[in-house]
Amino acid sequence: QVVVVESGGGSVQPGGSLKLSCATSGRPVNTYSTAWFRQAPGQDREFVAAAVWSGGSTDYADSVMGRFAISRDNAKDTVDLQMNNLRPEDAAAYYCAVRPFRSGSYNSRDVESYDYLGQGTQVTVSS
């Protein structure tokens, strides 16, 4: 069983920035394909960003393109989500999902493609 832990959530004003971090137990986080999802109250969980470190590819939802960036911090063994120019509609619980590397294609934007999901960290954006 892999434990996924998110951190870094908080409250910011519109236009502000936050950096979320995702850590995993056991294997280094860069041995997983990783994604971030979010869910606002009363809404479905939605894809935010994904990365496949072995191939160096990243993917972003249109709503966050150019404002959010997914990266890994090898020193801290975390996968981070830098969120800039935050908007009220970005407010949600943010979840990190991981999937150990294995052969075969998968939909990186589907949370069901991942094996482990964290408990989430809350992001509030309001003035």
Side-chain angles (χ1 to χ4, degrees):
Q1 183 72 17
V2 175
V3 177
V4 180
V5 179
E6 304 95 340
S7 62
S11 181
V12 296
Q13 294 184 340
S17 298
L18 279 176
K19 185 171 75 173
L20 307 182
S21 293
C22 173
T24 59
S25 63
R27 296 161 49 178
V29 70
N30 62 4
T31 63
Y32 298 100
S33 296
T34 312
W36 287 92
F37 295 84
R38 67 187 182 187
Q39 187 169 19
Q43 297 186 22
D44 294 333
R45 185 172 292 158
E46 65 173 355
F47 167 77
V48 176
V52 179
W53 306 117
S54 61
S57 64
T58 56
D59 184 26
Y60 297 93
D62 289 346
S63 60
V64 306
M65 184 77 72
R67 299 187 298 121
F68 290 14
I70 187 171
S71 64
R72 66 184 185 189
D73 187 327
N74 291 329
K76 296 181 180 179
D77 195 25
T78 60
V79 172
D80 299 334
L81 183 69
Q82 177 67 45
M83 306 186 297
N84 298 323
N85 191 20
L86 282 160
R87 304 167 180 169
E89 55 264 37
D90 294 318
Y94 282 72
Y95 299 88
C96 178
V98 302
R99 167 192 172 98
F101 292 149
R102 55 182 178 267
S103 61
S105 61
Y106 66 98
N107 182 353
S108 63
R109 295 187 171 208
D110 185 351
V111 70
E112 297 298 326
S113 296
Y114 297 85
D115 298 290
Y116 305 99
L117 189 70
Q119 293 297 306
T121 185
Q122 187 67 41
V123 172
T124 302
V125 185
S126 67
S127 54

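Values in this document were obtained by computation on a predicted structure and should not be read as measured data. Numbers for residues simply follow the sequence, beginning at 1.
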- Item | Verify same cluster id: Val48, Val4 (apolar side-chain graph, 4.5 Å) | no
- Item | Partner set under salt bridge (Lys or Arg N to Asp or Glu O under 4.0 Å) for Asp59, not counting sequence neighbours | Arg109
- Message: Please evaluate residues Thr78 and Lys19 with respect to the criterion side-chain contact (heavy atoms from CB on, under 4.5 Å), reporting the C-alpha separation (whole Å), side-chain torsions for both, the decisive distance (0.1 Å), and the verdict.
- Response: CA-CA 11 Å; Thr78 60; Lys19 185 171 75 173; over 6 Å; no
- What do you reckon, is CD of Glu46 surrounded by more than 12 foreign heavy atoms closer than 6.0 Å? yes
- Query: Atom SG of Cys96 and atom CG of Asp80: how far apart are they, to the nearest 0.5 Å?
  - Reply: 10.0 Å
- Task: Quick one: do Asn84 and Gln82 satisfy side-chain hydrogen bond (donor to acceptor under 3.5 Å, both in side chains)? Show the steps, please.
- Result: CA-CA 7 Å; Asn84 298 323; Gln82 177 67 45; 2.9 Å; yes
- Query: Does CG belonging to Asp44 count more than 12 external heavy atoms closer than 6.0 Å?
  - Reply: no
- Message: If I compare all heavy atoms of Tyr32 with all of Thr24, which pair ends up nearest, and what's the gap?
- Response: CE1-OG1, 3.6 Å
- Value rounded to 0.5 Å, distance of CZ in Arg67 from CG in Asn85: 6.0 Å
- Note on the structure: Residues Val98 and Cys22: closest non-hydrogen pair is CG1-SG, 4.5 Å
- Out of curiosity, Ser21 OG to Asp77 CG, how far, rounded to the nearest 0.5 Å? 11.0 Å
- Item | Pairwise side-chain contact, Phe68 with Asp90, heavy-atom cut-off 4.5 Å (strictly under) | yes
- Message: On a heavy-atom basis, which atom in Ala91 and which in Ala40 lie closest, and how many Å separate them?
- Response: O-CB, 3.7 Å
- Could you tell me the separation between the CZ atom of Phe47 and the OH atom of Tyr60, rounded to the nearest 0.5 Å? 9.0 Å
- Message: Side chains of Arg72 and Asn74, heavy atoms from C-beta outward: is any pair under 4.5 Å?
- Response: yes
- Task: Measure the shortest side-chain to side-chain distance between Ser17 and Val12 over non-hydrogen atoms and say whether it is less than 4.5 angstrom.
- Result: no
- Task: Can you sort out the partners of Asp115 under salt bridge (Lys or Arg N to Asp or Glu O under 4.0 Å), two or more places apart, ordered by chain and number?
- Result: Arg102
- Task: Using a 4.5 Å cut-off on heavy atoms from C-beta on, say whether the side chain of Thr121 contacts that of Ser7.
- Result: no
- Query: When rounded to the nearest 0.5 angstrom, what distance separates CG in Leu20 from CD1 in Ile70?
  - Reply: 10.5 Å
- Looking at Gly8 and Leu18, what are the two nearest heavy atoms and their distance? O-CD2, 3.9 Å
- Side-chain contact, heavy-atom cut-off 4.5 Å: Ser113 with Ser108? no
- Heavy-atom check, side chain of Val111 versus side chain of Tyr95, under 4.5 Å: no
- Message: If you apply the rule side-chain hydrogen bond (donor to acceptor under 3.5 Å, both in side chains), what do you find for Arg99 with Tyr114, and how did you get there?
- Response: CA-CA 5 Å; Arg99 167 192 172 98; Tyr114 297 85; over 6 Å; no
- Item | Identified side-chain hydrogen bond (donor to acceptor under 3.5 Å, both in side chains) partner of Tyr94 from the options Arg38, Glu6, Gln122 | Arg38
